[in-house]
Amino acid sequence: MKPYLLLIVILVSGIYTGNARENGKIAPGYLRCEYKVDPLGIDVTSPRLSWELHSDQKNQYQSAYQVMVASSIEKLNNDEADLWDTGKVASALTNQLPYSGRELLSRQDCYWKVRVWNADDEVSAWSEPAYWSMGLMRYADWSGTWITHRTGVNNKDKYKELYLPPARYFRKSFALDKKVKKARAYFTSAGIFELRLNGKKVGQDHFAPGWTDYDKRIYYVTYDITDQLVRGENVVGAVVADGWYAGYIGFALLIRNERVREFYGVDPAVYGQVEVEYEDGSREIIATDQSWQASQGPVREADILMGESYDARMEMPGWDRPGYDAETWKQSRPSFPPEGKLEAYPTEPVRHIEEIQPLSIAEPEKGVYIFDLGKNFAGVVRLKTEGKRGQKITLRYGEMLHDNGTLMTENLRKARATDYYTLKGGGVEEWTPKFTYHGFRYVEISGLTERPGKDAVTGIVMNSPTPQTSTFRAGNEMNNTLYENILTTQFANFFEVPTDCPQRDERLGWTGDAQIYVRSAAYNADVASFFTKWLADLDDAQRSYGAYPNYAPFPYSRADQFSPGWMDAGIIVPHTLYEMYGDTRIIEIMYAGMKKFMEFQLEASEGYIRPPGGMNFGDWLAVGQQVSDGFVAAAYFAHDARLMSEMAGAIGNEEDAGYYAQLFEHIKKAFVEKYIGEDGIITNDDTETAYALALCFDLYPEHLAARGAARLASMIRNNGDVFSTGFLGTKHVMLALSENGYSDLAYDLFMQTKYPSWGYSIKNGSTSIWERWNSYTREDGFGGGGGNNARMNSFSHYSFGAVAEWMFRYGLGIETEGAGFRNIIIRPQVSARMKAMQGSYRSINGKISSGWQIKGNTLRMDIEIPVNTKAKVYIPAFGKNNIRVDGRPLRKADGLTILSEEPGYTVLQAGSGKYVFTCE
Ligand code: RAM
């Protein structure tokens with residue numbers, strides 16, 4: 001079974017089972033708090049609650065709800081809602097409900113449940129109980145000190161030699177003499193850490209506490225350790241590595257940046273506390289302080305970009321368990337804390353998501369083995385081997401192979417991306433690196449004495465948990481592969497921040513990539529909390545004068561880098577979270593910064609035309625044409641104004657809503673004067689991207705839009721039905737074509753297999769989305785793009801995957817009317833060439849499906865609308881336009897209203913449920 005499918009099955013069975021539905025026609029399930037299931041250690045003072053509704057019957061909605069929140073499960077079960085009882089509230093609200101009960105203090109346990117009333121005022125059973133706990137809300141809740149351990153001094157020539165210090169180990173033994181009722185661990189680090197308790201890893205996280213601008217904020221994570229403690233001696237330990245705090249970041253080495261590592265600090269440090277509550281009500285805190293012992297261990301090098309080396313001979317068996325003799329360990333040293341505020345980690349840290357077995361092993365050179373893991377992902381491998389003590393094994397990683405079968409690593413640039421394992425000898429040894437990750441499909445192993453079997457390597461896919469929310473199948477197999485490739489690449493890059501790519505010396509949260517892809521991302525996966533976290537990074541990275549930088553976090557913080565189409569992420573990403581999840585809080589959080597950004601742009605503009613930026617990436621990696629920087633700058637500014645107006649309205653700021661609406665009109669007027677001729681032609685920027693942006697951003701005067709669209713279409717037809725666009729233009733070309741009556745052409749592009757196209761990469765074996773159209777061509781191999789290959793050629797770059805937005809909004813036609821998918825639009829653009837398409841999106845209101853199929857003279861549509869929502873369903877005109885619903889003539893179908901007959905469509909209003917429409 002596909003891993004995504006497995007995930008869905010697990011999720012769905014969790015939702016549909018266990019929900020009592022005997023008492024009513026609708027049943028609540030999938031209860032979440034701040035977008036998470038049963039989160040620990042929240043520090044939002046009024047966390048937002050949500051649930052999904054399910055029913056076997058059509059036309060169901062929620063007329064009222066009741067939420068109860070109690071401080072213990074017993075109380076909740078007895079309906080003693082000592083924290084909050086909403087009583088029966090007449091409302092259809094099922095998400096973004098802010099907790100507004102008793103003030104929530106540090107460590108508070110919150111058990112909650114919900115029941116709902118249906119349209120006939122029948123009440124459902126109570127949901128299964130859900131949970132969240134509060135973190136440490138006040139600085140005074142923390143009792144420890146930051147501790148570190150010196151392992152040496154960096155006196156290397158920074159451009160010539162890598163400096164890769166070992167990981168630091170910390171331990172503390174403590175005794176518990178009473179019965180434990182509840183225990184929590186709250187920890188953070190400068191660097192990245194793994195928490196250990198009595199010989200085991202605590203939790204499932206990797207790379208915690210993640211990457212932030214540590215001078216502005218630093219996150220802690222919370223674990224429930226009740227079951228891991230014992231009476232008598234316990235040992236808590238932490239292994240801490242440089243991570244983003246002190247390690248190499250991005251392309252600093254490549255560009256010979258003054259600083260190449262240690263962007264935030266030199267010595268990784270750890271901080272936290274174990275809190276124990278005994279049965280008798282007394283409490284105890286074991287916090288980091290100088291009584292913790294410190295040491296080095298087997299992790300000799302640990303760097304995110306460069307790799308990890310592990311010397312199994314230096315293992316210290318039992319160091320994190322009671323009874324260990326720690327005589328050789330040193331006392332830890334106090335460390336200055338990072339400047340930033342301590343806050344609860346707002347999403348979920350990176351995890352091991354899936355394991356994959358190699359497809360094959362090749363031996364391109366004697367003793368060098370290349371394992372093919374079958375897809376290009378982010379993560380690590382688990383090595384299983386046997387050999388002599390002191391034997392050293394080298395693991396290198398690559399996305400592609402050269403023609404002679406050797407590993408292609410030129411595109412990694414300065415990322416060493418190499419791990420080393422030194423055996424201790426005496427039997428089978430297993431090892432998985434903890435503090436590095438790679439972007440790869442192939443792993444090359446050398447240093448073995450015998451030919452390995454396939455079980456020597458297991459691929460471990462890692463990413464920030466963002467549960468998949470989409471399914472997709474089309475009538476054209478290549479497009480199904482495309483969809484799989486998009487998912488693979490999205491997951492490979494949603495790694496703590498939305499990275500541009502996971503393999504080379506970059507892995508930065510590029511803003512342009514994020515803005516162009518965020519809507520696609522949100523169809524494919526639940527990215528609400530993931531992007532909420534990243535927006536804090538973006539907000540922290542905002543320049544003092546208002547620009548949003550090229551990437552966030554922005555470690556090269558003295559540089560002055562912003563570019564049109566990139567900095568606009570500061571407006572577009574919050575707007576997308578609002579649009580997809582109905583989230584207005586993110587608007588409030590970002591609002592001051594967004595206003596400042598708009599002022600900065602307005603100040604810079606002349607006559608409402610925003611000039612090119614401090615840097616300009618333009619329509620990055622376009623092939624053939626290049627839109628002008630000025631055009632991109634001006635168009636995106638208009639777009640920002642329109643989105644700002646909508647967001648201001650969403651938070652009830654009518655004055656600003658009006659102001660930005662007017663600003664949009666001013667910009668549009670100036671824009672039309674400057675760029676759009678009276679014949680609808682953009683004379684000085686006669687490029688696909690220019691038409692696509694102007695059309696998508698509503699910058700065409702109404703009477704000229706058709707001319708612009710026609711020009712765009714003819715340009716592409718004359719170009720042999722292939723793109724000449726880059727990051728910014730490609731997706732917008734697809735949207736503009738479909739929105740303006742050229743869906744057939746959009747399908748031709750979508751199904752194209754000639755260079756440059758998605759199909760071309762798939763025909764050439766891609767398992768992921770490539771950075772550039774010419775990442776590989778049959779003529780130039782990896783050397784296309786003017787021989788630029790080695791410097792910039794990734795095979796895991798999600799930007800061109802932004803066509804997913806088109807697949808969902810136009811191909812399947814799943815769209816929201818207003819924010820948050822309460823009012824849904826189902827408006828597929830069917831194609832005789834494609835013949836069929838079927839897919840779904842699990843929105844915050846539940847699963848929406850849309851499928852269509854053309855067979856002979858019949859068009860069939862299968863749709864599903866979640867409980868508590870309604871949809872405008874657009875049935876495309878087909879044949880004699882004889883429409884039937886679930887086998888019955890349309891006019892006799894109950895629960896459906898015909899809203900209008902539009903050119904090309906019959907528009908119906910449908911309530912929740914599943915429908916089959918046919919049209920012939
Ligand atoms: C590249 C990054 C990214 C892009 C910028 C302009 O190096 O990979 O994708 O946004 O440059």
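First listed ligand is number 1; within each ligand, the first listed atom is number 1.
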Using a cut-off of under 3.5 Å, which N/O atoms of ligand 1 pair up with protein N/O atoms, and what distance separates each pair?
residue: ligand 1; atom: 7 (O); partner: Glu506; partner atom: OE1; Å: 3.3
residue: ligand 1; atom: 7 (O); partner: Glu506; partner atom: OE2; Å: 2.6
residue: ligand 1; atom: 8 (O); partner: Asp500; partner atom: OD2; Å: 2.6
residue: ligand 1; atom: 8 (O); partner: Arg504; partner atom: NH2; Å: 2.8
residue: ligand 1; atom: 8 (O); partner: His797; partner atom: NE2; Å: 3.0
residue: ligand 1; atom: 9 (O); partner: Asp513; partner atom: OD1; Å: 3.4
residue: ligand 1; atom: 9 (O); partner: Asp513; partner atom: OD2; Å: 2.6
residue: ligand 1; atom: 9 (O); partner: His797; partner atom: NE2; Å: 2.9
residue: ligand 1; atom: 10 (O); partner: Asp513; partner atom: OD1; Å: 2.6
residue: ligand 1; atom: 10 (O); partner: Trp566; partner atom: NE1; Å: 3.0

Would you sort out whether Glu301 and Arg416 count as a salt bridge (Lys or Arg N to Asp or Glu O under 4.0 Å), showing the intermediate values?
-> CA-CA 12 Å; Glu301 298 177 338; Arg416 188 187 73 178; 2.9 Å; yes
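Geometric assessment of Arg441 against the ring of Phe795 yields a negative cation-pi assignment under the 6.0 Å and 45° thresholds.
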In residues 246-258, what donor-acceptor pairs under 3.5 Å come from side-chain atoms, sequence neighbours left out?
residue: Tyr248; atom: OH; partner: Tyr163; partner atom: N; Å: 2.8
residue: Asn257; atom: ND2; partner: Arg259; partner atom: O; Å: 2.7

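Side-chain N/O atoms of Thr488 and Ser768 include no donor and acceptor closer than 3.5 Å.
Evaluation of the side chain to side chain donor-acceptor pair (under 3.5 Å) rule for Arg543 yields no partner, not counting sequence neighbours.
Applying the salt bridge (charged side-chain N to carboxylate O under 4.0 Å, His left out) rule to pairs touching residues 515-535 yields Arg32-Asp526, Glu496-Lys533, Arg519-Glu579, Arg519-Glu815, Lys533-Asp537, sequence neighbours excluded.
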